[in-house]
Engineer: 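Pasting in a structure now, in structure tokens, and then I'll have a few things to ask.
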Amino acid sequence: LRGPMRFRDLFAFRIRYSFLGWNGLAYWILAVLILGCLIGYWSTYQVSTRVLMIFLLGVVLIYVPGNNALRTLQYVTALKADGIEMEYYINRSGVLVIQGEQSELIPWNVIRKTKETRNHFFIYVMKNSAFVFGKDMLGEQTERMRRYISEGLGAVVYASQALHTPLRA
């Protein structure tokens, strides 16, 4: 299996990491607290406090995802400007990463976990770093990807639904 790095796949990972993991828990708690204070105490707040709370809510709900998108776009654009094409090759040995003239094989035994969602495969090398494959890019090779992951990580049963695959002990 072969695939290039795409903006939307990398952005999907960054959003997933920022908002759906343990890191995202603090984010959502903050957003709910600000929104709860705004709704619960709206009539008791002065105008300046209302403006400040709305500004903070805007930062949390607009700036954070917008900043993620901007940083991802800058990264992908910089790679393209430098003529660096990043490609991943998946096989029974692991994930071969090719960036420009450099390449490195990441064997399956160093993969932390994998996650399959409706649109992506995430293959985590570290807690906050993953190879991302869009299923639309894989097309008919989706089942083959599941097989490589399953074989690479050991006796893991893969279902067609989204699931979390822990490392074997």
Engineer: Check for a donor-acceptor pair, side chain of R50 on one end and backbone N or O of W42 on the other, with a separation under 3.5 Å.
Structural biologist: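 Yes; judged by distance alone, with no hydrogens or angles, the pair exists.
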
Engineer: Kindly say whether L73 contributes a backbone atom to a donor-acceptor pair with the side chain of T77 at under 3.5 angstrom?
Structural biologist: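 Pair found, side chain donor or acceptor close to backbone of L73.
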
Engineer: Testing E116, R118, Q141 one by one against K135 for a side chain to side chain contact (heavy atoms under 4.5 Å, CB included), which residue passes?
Structural biologist: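 Testing K135 for a side chain to side chain contact (heavy atoms under 4.5 Å, CB included) against E116, R118, Q141 leaves exactly one candidate, E116.
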
Engineer: What pairs with D136 under side-chain hydrogen bond (donor to acceptor under 3.5 Å, both in side chains), at least two apart in sequence or on another chain?
Structural biologist: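 By the side-chain hydrogen bond (donor to acceptor under 3.5 Å, both in side chains) rule, D136 matches R6, R8.
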
Engineer: How long is the straight-line distance from CD of E151 back to CZ of R146, given to the nearest 0.5 Å?
Structural biologist: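 R146 atom CZ to E151 atom CD measures 14.0 Å (nearest 0.5 Å).
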
Engineer: Could you give the distance from CD1 (I149) to CZ (F121), rounded to the nearest 0.5 Å?
Structural biologist: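 Interatomic distance, I149 CD1 to F121 CZ, rounded to 0.5 Å: 5.0 Å.
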
Engineer: Got a second to check how far F133's CZ is from I123's CD1, nearest 0.5 Å?
Structural biologist: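 Result: 5.0 Å between the selected atoms.
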
Engineer: Can you measure from CD1 (I90) to CZ (R147) and round to the nearest 0.5 angstrom?
Structural biologist: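 Here the rounded value is 13.0 Å.
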
Engineer: Starting from L70, walk the hydrophobic network (Ile, Leu, Val, Met, Phe, Trp, Tyr; side-chain heavy atoms closer than 4.5 Å) and list everyone else you reach, by chain and number.
Structural biologist: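 Grouped by the 4.5 Å side-chain rule, L70 forms a cluster of one, so the answer is none.
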
Engineer: In terms of hydrophobic clusters joined by side-chain contacts under 4.5 Å, are V51 and L35 together?
Structural biologist: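 In one cluster: no.
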
Engineer: As an exercise, state the distance from CG of L30 to CD1 of I34, rounded to the nearest 0.5 Å.
Structural biologist: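 With rounding to 0.5 Å, CG (L30) is 4.0 Å from CD1 (I34).
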
Engineer: Restricting to non-hydrogen atoms, name the atom on I106 and the atom on F131 that form the minimum distance, rounded to 0.1 Å.
Structural biologist: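 Shortest heavy-atom contact: CG1-CZ, 3.8 Å.
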
Engineer: How many angstroms lie between atom CG of N67 and atom OG1 of T72, to the nearest 0.5 angstrom?
Structural biologist: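 It comes to 9.0 Å.
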
Engineer: Looking at Y41, is its backbone amide N or carbonyl O close enough to the side chain of T44 to form a donor-acceptor pair, meaning the two atoms are under 3.5 Å apart?
Structural biologist: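 At least one qualifying donor-acceptor pair exists.
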
Engineer: For Y124, is the NZ or CZ atom of K115 found under 6.0 angstrom from the centre of its six-membered ring and inside 45 degrees of the ring axis?
Structural biologist: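 Ring-cation test returns no.
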
Engineer: When clusters are formed by joining ILVMFWY residues with side-chain heavy atoms under 4.5 Å apart, either directly or through shared neighbours, do I98 and L105 land in the same one?
Structural biologist: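 Per the 4.5 Å side-chain linkage, I98 and L105 are co-clustered.
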
Engineer: State plainly whether one hydrophobic cluster holds both I39 and L61, where clusters connect Ile, Leu, Val, Met, Phe, Trp and Tyr through side-chain heavy atoms under 4.5 angstrom apart.
Structural biologist: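 The answer is yes; both residues are in one hydrophobic cluster.
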
Engineer: Please say yes or no: joined through hydrophobic side-chain contacts below 4.5 Å, possibly via intermediate residues, are Y63 and I54 part of one cluster?
Structural biologist: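 Both belong to a single hydrophobic cluster.
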
Engineer: Where the side chain of T142 meets the backbone of L138, is there a donor-acceptor pair that is under 3.5 Å apart?
Structural biologist: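 Looks like no, no N/O pair under 3.5 Å.
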
Engineer: Whether the side chain of W108 engages the backbone of N91 through a donor-acceptor N/O pair (distance < 3.5 Å, no angle test) should be reported.
Structural biologist: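 Here the side-chain-to-backbone pair exists.
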
